[in-house]
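Here's the structure we're looking at; comments come further down.
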Amino acid sequence: MIDLKYLQNNFEEASVKLQKKGVDSQTLEKLKSLFAELKAANAALESAKAEQNSMSKLFGQYKREGKDIAELKAKVDANKEAMVPLQEKARQAEVALYEIALAIPNFPDDNVPVGEDEEENVELRRVLEPRSFDFEPLEHWALAEKNGWIDFERGVKLAKSRFSVLRGDAARLERALINFFLDTNREKGFEELCVPFMNNAAMLQGTGQLPKFEEDLFKIEDEDLYLIPTAEVPLTNMYHDEILSAEQLPVLMTGYTPCFRKEAGSAGRDTRGMIRQHQFDKVEMVAIAHPEKSDEIFEMMVQNASDILTALGLPHRVVELCTGDLGFSAARTIDLEVWLPGQNKYREISSISNTRDFQARRAKIRFKDGKKNRLVHTLNGSALAVGRTLIAIMENYQNEDGSIEIPEVLKKYM
RNA sequence: AGACAGGUGGCCGAGUGGUCGAAGGCGCACGACUGGAACUCGUGUAGGUGUAACAGCCUCGAGGGUUCGAAUCCCUUCCUGUCUGCCA
């Protein structure tokens, strides 16, 4: 959630920032006035409560002194009645405020390039030259078919469309990649965690998936549980409503989880192959950072993900997302896009974001800064999306006969 | 899943309707004592909101109710422990 006090005190500046993320100024005006309304309503209610409390305390005194309480009681009763509309007003203001506030995206950082959509993202650098083929490279689904690696039909039979089954060496390669990613992250100082694959609504609100994006999530029937769309949710919320000591920072965590997404709104996109599935494996990095250190950690996370691709010999490029392409919670995001020779284009394989204090405010993650509690910064990034890495290996390491080489660094895992 | 017992501050633990945001202890911080330390003694030590700073308001697992007044009484719910059942 954005800082409503900041919005109140720097309204012009704040609305310029949020317009870049597609929030119209009417909504912000409304939010601002609701915030003022809530403060006024609370002030009125609280002073009535203060009066009520102090009168109630007199009862004890009167009784001990044997005084008559009839008059006092009449006064208290009257005050109590007067409080009812104040209470209702404050409650309504609060509900109305949060309904809007929770749906407002994070401010983009000032130096994020301004743009409408992914067309205006900025390529920062390319790493490794794409290999040149002396034959026409195939797309991953064709290779999968040749090698019997992916059983799309049976995935659909078992579940529904956008599910698939990995078989034989593909299944082993998937597992090898997970182990390689986790080991690499661990060596960089990330603690390895194995977390629940279902989280409750409060956690999903903490990281920003709820309430706005419920239609993207798989919900468990009759339970306050959702299948996680990314390990960012459980890892970040590890410290939900906790206060860390300054010495604990940064908290660096990594974990493998499957991720579950309904992919609502991506009808017709990437329906062929394994690029966009309802369930996919991912190894995630999450950092809980001191606000002054989060930029540094962000760079480290980008570098780590890029290094993993380099170690696998996968050509990729580093792309800074423009304001229009930034996710809901992100202040800044860098995507890594891997080269897919079969598709003849770069495709997203990792997304690393700094959410600053946006998730921390929602999830109440703070640290002791001397005597004061301050919100931490939270960061997350894939290192890496496993299925897409598998695809990238298939397409980049294919031979003319359709066979696929295994990258050197993975051999010890297979 | 069923039966019973519980959920109080960083931790342990007292508190069954008012003077309780909460005794006592441990821990921690600061000070005194010491050459230095331990011991001992003294002082302080929850979070949120709010304020220029106070004040005020909210929080004793969570939500609701009774009452002028709730940590304390009632209802719902979640969690933990023990036993039974079931299971990897």
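In the text below, chain A, chain B and the rest are named by the order of the sequence lines, each starting its count at 1. A quick note: this is a predicted structure, and the numbers were derived from the prediction, not measured.
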Looking only at G56(B), G47(B), C68(B), the nucleotide nearest the K368(A) side chain is G47(B)
Distance, P atom - from G47(B) to G36(B), rounded to whole angstrom: 34 Å
Phosphate OP1/OP2 of G69(B) contacted by K80(A) side-chain N/O (<4.0 Å)
yes
> So what does Q61(A) touch, heavy atoms closer than 4.0 Å: a base, only the sugar-phosphate, or nothing?
Replying inline: nothing
Gap in Å between the two P atoms, one belonging to G6(B) and one to U59(B), rounded | 25 Å
Exercise. How far does the P atom of G63(B) sit from the matching atom of C78(B), given to the nearest Å?
Worked result: 15 Å
From CE of M83(A) across to P of U67(B) the rounded distance in Å is 14 Å
Ignoring backbone atoms, test whether K73(A) places a side-chain nitrogen or oxygen under 4.0 Å from the OP1 or OP2 oxygen of C68(B). yes
Under a 3.5 Å limit on both distances, the Watson-Crick or wobble mate of A38(B) is none
- For K39(A), report the nucleic acid contact type (base, sugar-phosphate, nothing); a contact means any heavy atom under 4.0 Å. sugar-phosphate
According to a strict under-4.0 Å criterion, is K5(A) in side-chain N/O contact with OP1 or OP2 of G50(B)? yes
The side chain to side chain contact (heavy atoms under 4.5 Å, CB included) partner of R388(A) among H140(A), E348(A), M274(A) is E348(A)
- Just by distance, with hydrogens left out, do Q359(A) and T378(A) show a side-chain donor and acceptor under 3.5 Å apart? yes
From CG of N373(A) across to C1' of U45(B) the rounded distance in Å is 14 Å
**Q.** Side chains of F328(A) and F213(A) in contact at under 4.5 Å (non-hydrogen atoms)
**A.** yes
Closest to the side chain of F59(A), out of U67(B), G56(B), G18(B), is G18(B)
Checklist entry - Can you tell me how far C1' in C60(B) sits from the matching atom in U8(B), rounded to whole Å? => result 4 Å
Separation of G64(B) atom P from Q87(A) atom CD, nearest Å, is 10 Å
RNA chain B nearest-nucleotide lookup for F35(A) and I243(A): closer to the 5′ end is I243(A)
To the nearest angstrom, the CG-P distance between D222(A) and U77(B) comes to 15 Å
Side-chain ion pair, D151(A) and R167(A), N-O less than 4.0 Å: yes
If we take the P atom in both C58(B) and G50(B), what is their distance in whole Å? 15 Å
Taken to the nearest whole Å, CG/N200(A) to P/A62(B) is 16 Å
Whole-Å distance, D241(A) CG to U59(B) P, equals 16 Å
May I ask you to verify if any side-chain N or O of R366(A) is less than 4.0 angstrom from the OP1 or OP2 atom of G48(B)? yes
* To do: Rounded to whole angstrom, note down the C1' distance from A70(B) over to G81(B).
  => 27 Å
Sugar-phosphate only, base, or nothing, as touched by N53(A) at under 4.0 Å among non-hydrogen atoms: sugar-phosphate
Mate of U49(B) across any strand shown (Watson-Crick or G-U wobble, both atom pairs under 3.5 Å) is G56(B)
(message) Are the side chains of E214(A) and K219(A) in contact, using a 4.5 Å heavy-atom criterion?
(response) yes
Interatomic distance, CD1@I352(A) vs CG@L336(A), rounded to 0.5 Å, equals 4.5 Å
Taking the C1' atom of each, how far is G17(B) from U66(B), in whole Å?
12 Å
Rounded to whole Å, NZ of K372(A) lies from P of A46(B) at a distance of 15 Å
For A3(B), the nucleotide meeting Watson-Crick or G-U wobble distances (both under 3.5 Å) is U82(B)
Contacts of G60(A) and K49(A) projected onto RNA chain B by closest heavy atom; the upstream (5') one is G60(A)
Does the side chain of T27(A) come under 3.5 Å of the side chain of D24(A) through a donor N or O and an acceptor N or O? yes
Worksheet item: In whole Å, what separates the P atom of A5(B) from that of U67(B)?
Response: 29 Å
Rounded to whole Å, the CD-C1' distance (Q8(A) to G50(B)) equals 14 Å
